[in-house]
Amino acid sequence: STQSTWGHFLSGYFFSLMSTLPTPAIRMPELIMKKRDGGALSGAEIQAFVEGVTQETIPREQIGALLMAIVFKGMTADETIHLTTAMMHSGETLSWPDTFRHLVVDKHSTGGVGDKVSLPLAPCLMACGLKVPMISGRGLGHTGGTLDKLEAIPGFQVALDKQQIAELVNTVDGCIVGQTKRLVPADRILYAIRDVTSTVDSIPLITASIISKKAAEGLATLVLDVKVGRAAFMKTLTEARALSASMVAAGNGAKVKTLAIITEMDNPIGRMIGNSLEIIETVQCLRGEGPPDTVELVVCQGGHFACRQRTGQHPGGGDGANPSGPVRWQRAGLFRKDGGRPRRGGGGGKQVVQRPMGGPTARSPQNGHCVRGWRVHKCH
């Protein structure tokens, strides 16, 4: 009959219409309740959550609620690994040819006052024959950011795309750049929400944020420098060990050989603090004139890379890669290739950056001495 025909037509029309509309992959209230009550989220639930975050189909208040539940109830090691890998694959990733894929390495430090180790370490690793696509960040809290320091070099460019990063790795063995817009987009969204919802201080969330970005670089090996002490985010050794164990597990879970070194941060590293000054001290390190504590950190971390990669070379000695001996500027060619204009010659690095014309003088009201207590605590 005509009525039956119209009924079939309308039902088919509405079925087709509904099939073209986006359907939520997860029910967020149920997910929030599950974590609030201490339950463990499955890999599929975490994957759907990260996809919803990246595609912006989940309201931010619900994202914030789940993040707060994670802060209070934590995550299991498996949950943290699932979150890390889901975030890693939320955008584009870097990949390398089989000829040198096993040589691709990077390091990460949780940050501290005067922590400039990445800057001399990268050229040393490159001089050892390793590939270093180092994606760094800016200052967080009282700690200085590697990118901020590099921008003290006139003309230095930190905003490069995937193709430019690959070109630098292929031509000069490495680079130090900022996170691209398409690399781990879920992290940018989640971190912005964590920042305004007081959910930054969570070991699973810190782990996923750091390791997802590093794993997206296509690394073979990652060394983590976890700071502990008065000037670090981790104030106690117990906290530092917990964060180290979490990041090592997540890194290995993401198929990256990962090692954590716990070092004290009760005193500034090196003799200089501030973006321009730390670039000067970096050049001094590359010229073999760096302060002992900075050199020791570079050798400690670089030595683990050399041993794990079995290059037969150690940043502590050999083939011009020793921080206690000169590393040639052409081996640190990333400074020129990335757009900076370091000048050759004397001055211990002072000609590389633009220094302020003057500044205030801070005088102590009484005599005293500097107490230095830096040492490597433990490796995981």
Side-chain angles (χ1 to χ4, degrees), residues 107-125 134 136-156 158 176 225 227-233 261 263-302 315 322-329 332 334-335 338 340-364 367-376:
K107 60 87 67 169
H108 177 82
S109 172
T110 56
V113 179
D115 187 358
K116 60 192 74 67
V117 175
S118 293
L119 298 173
L121 177 61
C124 287
L125 295 175
M134 187 176 288
S136 298
R138 299 193 178 275
L140 182 62
H142 63 276
T143 63
T146 299
L147 299 183
D148 302 314
K149 297 167 188 177
L150 283 172
E151 287 180 333
I153 300 174
F156 195 97
V158 298
I176 305 178
D225 182 7
K227 302 296 187 185
V228 59
R230 293 174 296 176
F233 287 107
I261 305 170
T263 58
E264 287 187 346
M265 191 65 236
D266 286 323
N267 298 281
I269 299 172
R271 305 188 194 99
M272 300 185 184
I273 300 172
N275 295 340
S276 295
L277 296 176
E278 292 183 48
I279 290 293
I280 293 172
E281 192 164 84
T282 294
V283 177
Q284 291 175 353
C285 283
L286 295 174
R287 291 165 56 93
E289 303 165 358
D293 61 340
T294 306
V295 170
E296 186 176 357
L297 276 169
V298 174
V299 171
C300 176
Q301 295 176 32
N322 184 357
S324 60
V327 174
R328 300 187 302 276
W329 271 108
L334 60 103
F335 288 113
D338 278 359
R341 299 189 299 275
R343 302 181 182 89
R344 299 174 187 249
K350 296 179 183 178
Q351 298 182 37
V352 175
V353 298
Q354 294 178 332
R355 301 187 69 182
M357 296 299 294
T361 300
R363 299 186 181 277
S364 172
N367 292 330
H369 64 280
C370 293
V371 179
R372 304 198 62 82
W374 180 90
R375 71 177 187 272
V376 173

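Quick caveat: nothing in here was measured; it's all calculated off a predicted structure. Side-chain atoms are counted along with the backbone in the values below, which use heavy atoms only and exclude waters and symmetry mates. Residue indices begin at 1 and follow the sequence shown.
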[atom1]/[X] to [atom2]/[Y] distance, rounded to the nearest 0.5 angstrom?
X: I279; Y: D148; atom1: CD1; atom2: CG; value: 10.5 Å
X: D115; Y: T110; atom1: CG; atom2: OG1; value: 8.0 Å
X: T146; Y: L119; atom1: OG1; atom2: CG; value: 5.5 Å
X: E281; Y: T294; atom1: CD; atom2: OG1; value: 5.0 Å
X: L277; Y: I273; atom1: CG; atom2: CD1; value: 9.0 Å

Close side-chain approach of [X] and [Y], heavy atoms under 4.5 Å:
X: C300; Y: I261; answer: yes
X: M265; Y: V228; answer: no
X: V117; Y: S109; answer: no
X: K227; Y: I269; answer: yes
X: L297; Y: Q301; answer: yes

Can you give me the closest heavy-atom contact between [X] and [Y], atom names plus distance?
X: L125; Y: G302; result: CD2-CA, 4.0 Å
X: G270; Y: K116; result: CA-NZ, 4.1 Å
X: V298; Y: C124; result: CG1-SG, 4.3 Å
X: P292; Y: R271; result: CD-NH2, 4.1 Å
X: M134; Y: S118; result: SD-CB, 3.7 Å

Is there a donor-acceptor pair under 3.5 Å between the side chain of [X] and the backbone N or O of [Y]?
X: E151; Y: V158; result: no
X: E289; Y: C285; result: no
X: S136; Y: L147; result: no

Return the set of residues passing salt bridge (charged side-chain N to carboxylate O under 4.0 Å, His left out) with K107 (not counting sequence neighbours), or none when no residue passes. none
